[in-house]
Visitor: 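Please see the structure below; I have some questions.
To find a chain, count down the sequence lines: A is the first, B the second, and so on, and within it residues start at 1. Every heavy atom of this structure was used, including side-chain atoms; hydrogens, water molecules and symmetry mates were not.
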Amino acid sequence: MNFQPQAYEPELARSWAERPAAAKKPAAKKYYVLEMLPYPSGALHMGHVRNYAIGDAVARFLRMRGYEVMHPMGWDAFGLPAENAAIQNRTHPREWTLNNIANMKAQMRRFGFSYDWRREVTTCLPEYYRWNQWFFLRMHERGLAYRKKGWVNWCPRCATVLANEQVAGGVCWRHEDTPVEQRELEQWYFRITQYAEELLRDLDQLSGWPERVTAMQRNWIGRSVGAELAFGLEPRSGQAAAAAARLNVFTTRIDTVYGVSAVLLAPQHPLLAEILTAAERERARALQPARGAASEPEKLGFDTGWRARNPFSGESVPVWVANFVLMNYGSGAVMAVPAHDERDYEFCQKYGLPIRPVIEPESGADILAAGAYTGDGRMIHSGDYNGLPNREAMARMTRWAEARGVGKGTVSYRLQDWGVSRQRYWGTPIPMIYCPGCGVVPAPDQDLPVRLPEDVPISETGVANLAAIQSFIQTTCPKCQGAAKRETDTMDTFVDSSWYFYRYLDAHNDAAPFAREAARRWMPVDQYIGGIEHAILHLIYSRFFTKVMRDLGLVTIGEPIARLFTQGMITRSGAKMSKSKGNVVDPAALIERYGADATRAYVLFAAPPEKDFDWNDQGVEGLHRFFGRVYRLALRHPPQTAMAAPPARAASAAEDRLLRKTHTTLARITREMESRWHFNTCIAAAMELVNVFYELEPERAASRISAAAWDDCLRRLVLMLAPYAPFLTEEIRRQWAKSGSAGAVWEEEIQGQGWPESDPAWAREEEIELVVQVNGKLRARLRASASAGEEELRELALADAKIQTLLDGNTPAKVIVIPGRLVNIVLREGK
RNA sequence: GCCCGGGUGGCGAAAUUGGCAGACGCACGGGACUUAAAAUCCCGAGUCCGGCGACGGACGUGCCGGUUCGAGUCCGGCCCCGGGCACCA
């Protein structure tokens with residue numbers, strides 16, 4: 001009875017390969033379990049295994065509970081690594097990607113993850129990306145996809161533009177050693193800001209999301225309420241052209257407007273092109289900050305020599321260029337109020353600009369002693385507003401500005417439109433055409449997909465991007481039939497992953513991205529599971545897409561994901577696993593050694609799934625041992641009896657114990673699987689149960705436990721382990737069937753069985769251990785009936801010999817009785 | 001700086017509503033089986049003090065304080081670790 005998972009797992013994996021996981025009655029309630037689709041990098045890593053082990057345990061459990069479960073898998077198959085690999089081994093990105101997919105798919109099957117492969121989605125295939133193009137065209141029709149010239153993040157290593165979300169700490173998300181540059185380019189954008197308000201508001205509905213994630217998104221959208229004010233640029237001798245220019249600033253502190261010392265412009269501000277000399281423009285350019293640079297650089301700036309008029313005070317203030325003013329937020333211009341803003345304070349202090357307080361704290365403290373005062377207070381030096389509380393002044397001043405036409409209340413967002421153009425080969429071609437006569441013309445629907453040319457030159461410097469492929473570029477204008485050129489940018493791969501979970505529902509539809517019917521039946525995703533690293537990018541884009549799809553009439557929902565679960569990271573020796581650190585754990589090696597069940601189950605057992613955990617090589621061994629114990633136990637006891645309800649009465653104390661342990665364990669696991677998914681305690685509970693089986697084996701041998709009771713408990717054990725050990729449990733079924741067992745063995749596979757019910761009569765203990773405390777300290781443990789009342793327990797506790805000694809003849813001041821748990825005897829103070 | 005998490009034995013952890021702190025596992029120690037080893041099965045174990053011993057006592061969930069008959073759990077203050085955001089006016 002050697003336990004050798006290698007002897008049966010591969011065979012079972014093969015037999016499960018193409019078959020969709022058992023679907024239940026079509027009338028059943030639907031449940032959509034989704035795990036984040038992987039990038040096909042070549043092989044699964046432990047993070048994937050954790051993600052899919054969680055999802056698969058849940059999917060299997062729900063299937064056993066009778067749900068019709070949607071559990072698909074696919075590939076996020078476009079993207080830069082394929083091009084890098086192409087350079088290295090001179091293989092075509094497509095070939096490299098498809099090979100990796102084949103390999104990883106084989107690994108997933110070997111792990112026994114119960115995906116419905118008929119629904120597999122591969123984003124780099126034309127059958128998929130044509131719908132990216134289709135969505136692009138629909139968005140273009142509605143003005144949601146548009147082209148503009150703008151300052152963009154450029155990674156010199158990737159040789160492409162990055163979205164703001166892909167830049168962290170001033171470096172590229174893929175090349176942490178490469179500073180991101182700013183370039184001004186013509187790019188395609190998605191107008192996600194049009195949905196900013198809704199994306200923010202609807203976060204409140206997402207009660208099934210971790211608060212951490214909604215907080216990050218809220219932060220990311222960054223709504224702030226303020227006002228736009230017009231500071232008129234004053235004419236300057238000999239440069240009258242710009243004289244009429246109005247200069248808008250955005251502020252959240254209109255109440256401080258009487259304290260303005262200067263107007264500060266971002267170095268990229270368009271007005272500078274008109275008002276600066278060539279030499280000055282060069283100076284401004286040098287001030288451009290790298291986006292989100294690692295540390296806050298020194299504040300720098302210079303006086304343009306121009307002046308602007310404060311719309312409230314009429315005062316003339318200088319116009320400066322300052323490196324810390326962001327062009328892509330608000331209007332790219334701010335009013336500097338050094339007395340009430342720390343940044344302005346630092347800047348004005350440095351350049352000797354005046355610092356004038358206009359708000360006085362209630363305490364009357366000397367506010368400039370410690371830098372800027374940013375709190376509330378009363379208005380001073382502010383004309384008609386003097387004496388008002390500043391909050392009240394804000395509202396009045398906004399109204400005044402609106403009435404005078406010099407400003408208005410506005411809302412500003414940190415969120416910016418989503419730049420989707422990438423100057424790469426391996427992505428979805430943007431389906432637009434440039435005609436010398438007609439301008440920018442969308443490719444007609446019937447021409448989709450605009451195919452990515454396959455025959456492209458690959459050299460050691462990279463894959464040629466589309467701009468270099470004449471056969472791709474040259475086309476005819478759909479409007480005038482004249483010669484025209486195709487757009488050569490491809491789409492950001494986040495476009496692919498923004499809607500892939502809809503495509504699973506109708507993966508082979510060639511008339512539409514998916515049938516409305518399918519989406520109505522299956523959406524929203526009931527449970528999404530993946531890493532926290534996608535808290536912003538992927539999850540906000542997906543929400544945006546769903547809202548656009550709703551406005552296109554494709555779906556009726558406004559949010560795609562009902563519940564989100566973010567799993568913890570697996571580290572090793574406290575560090576993130578990475579190839580460069582050489583500390584990766586290879587799942588393939590673990591399967592080789594311990595099998596798929598033990599590997600999956602260990603990942604679930606090591607910690608609650610939302611928590612990070614540090615890998616321990618020896619931990620898997622524990623699960624391997626445990627499954628060996630289960631296997632041997634089961635094979636020693638093929639069922640002798642028919643399947644029946646558990647006996648109403650136990651034949652012996654031992655039988656009573658087994659029945660109670662089985663049913664309490666079952667109740668406990670069921671509750672966990674339905675609530676917080678602490679699989680670690682589920683598996684621990686199953687281990688306890690198995691330990692009891694071992695302890696009671698002699699009792700069974702001596703017939704003090706009936707075959708009927710034993711068989712029933714053992715069958716339940718097998719079923720309750722199925723979500724964590726699909727191979728083992730199925731193998732036990734097969735072995736039982738082969739053994740010519742006298743009793744009943746399931747005819748269908750374990751994954752087609754129903755989840756066992758726990759019998760409430762057995763799922764509770766009859767006798768409890770009563771804890772007796774004296775002044776809150778544990779002094780005795782007694783046996784008591786679980787149903788004993790307060791009075792009975794009180795008597796029992798007080799009658800105990802040890803308690804009597806401790807009481808020493810004194811009368812307790814108070815006795816607290818918690819039935820089923822404890823008795824606490826309180827003696828008077830000083831005793 | 002701001003916003004989230006988290007801190008429990010040698011290690012991963014458990015204690016779901018305020019009610020036995022440390023379930024379950026890893027590592028470790030002992031025993032059985034074996035010519036031997038592996039595998040397997042059984043037993044032990046928070047720390048300190050006392051006792052030959054069964055056992056008894058004290059302490060113990062980052063630190064300080066509070067509420068309560070009773071606090072890992074609730075409240076106030078602080079320390080440390082991890083993550084996210086970070087010149088957003």
Visitor: Regarding A:Gln773, tell me which of base, sugar-phosphate or nothing describes its non-hydrogen contacts under 4.0 Å with the strands shown.
Guide: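 Base contact - A:Gln773 has a heavy atom under 4.0 Å of at least one base atom.
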
Visitor: Taking only nitrogen or oxygen atoms into account, show me every contact under 3.5 Å that the protein makes with nucleotides 2-13 of chain B, one pair per line with its distance.
Guide:
{"unit_1": "B:G12", "atom_1": "O2'", "unit_2": "A:Ala606", "atom_2": "O", "d": "2.6"}
{"unit_1": "B:A13", "atom_1": "O3'", "unit_2": "A:Asn680", "atom_2": "ND2", "d": "3.3"}

Visitor: Charged N to carboxylate O below 4.0 Å: is that the case for A:Arg668 and A:Glu688?
Guide: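 Yes.
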
Visitor: Between A:Leu778 (CG) and B:C69 (P), how many Å, whole number?
Guide: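 Going from A:Leu778 (CG) to B:C69 (P), I get 20 Å.
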
Visitor: Have a look at A:Gly222 and say if it touches a base, only the backbone sugar-phosphate, or nothing, with a 4.0 Å heavy-atom cut-off.
Guide: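 Since no nucleic acid heavy atom lies under 4.0 Å of A:Gly222, the category is nothing.
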
Visitor: Tell me whether the OP1 or OP2 atom of B:C59 has a side-chain N or O from A:Lys777 closer than 4.0 Å.
Guide: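 So the side-chain polar atoms of A:Lys777 do come within 4.0 Å of the phosphate oxygens OP1 or OP2 of B:C59, strictly under.
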
Visitor: According to ring pair (Phe, Tyr, Trp, His ring centres under 6.0 Å), who are the partners of A:Phe613, at least two apart in sequence or on a separate chain?
Guide: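 Testing A:Phe613 for ring pair (Phe, Tyr, Trp, His ring centres under 6.0 Å), a comparison that skips the adjacent residues, returns none.
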
Visitor: Take atom P in B:C79 and the same atom in B:G30, then report the distance between them in whole Å.
Guide: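 Nearest-Å result for B:C79 against B:G30 at atom P: 47 Å.
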
Visitor: Distance check needed: B:C20 P versus A:Ile816 CD1, whole Å only.
Guide: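 Value for this atom pair: 15 Å.
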
Visitor: When you compare the protein's N or O atoms with those of nucleotides 40-42 of chain B, which come within less than 3.5 Å of each other, and at what distance?
Guide:
{"unit_1": "B:U40", "atom_1": "O3'", "unit_2": "A:Arg632", "atom_2": "NH2", "d": "3.4"}
{"unit_1": "B:C41", "atom_1": "OP1", "unit_2": "A:Arg629", "atom_2": "NH1", "d": "3.0"}
{"unit_1": "B:C42", "atom_1": "OP2", "unit_2": "A:Arg629", "atom_2": "NH1", "d": "3.3"}

Visitor: Mind checking the C1' distance from B:G22 to B:G9? Whole angstroms is fine.
Guide: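 The answer is 7 Å between these two C1' atoms.
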
Visitor: Salt bridge or not for A:Asp376 and A:Arg391, using N-O below 4.0 Å?
Guide: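 A salt bridge links A:Asp376 with A:Arg391.
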
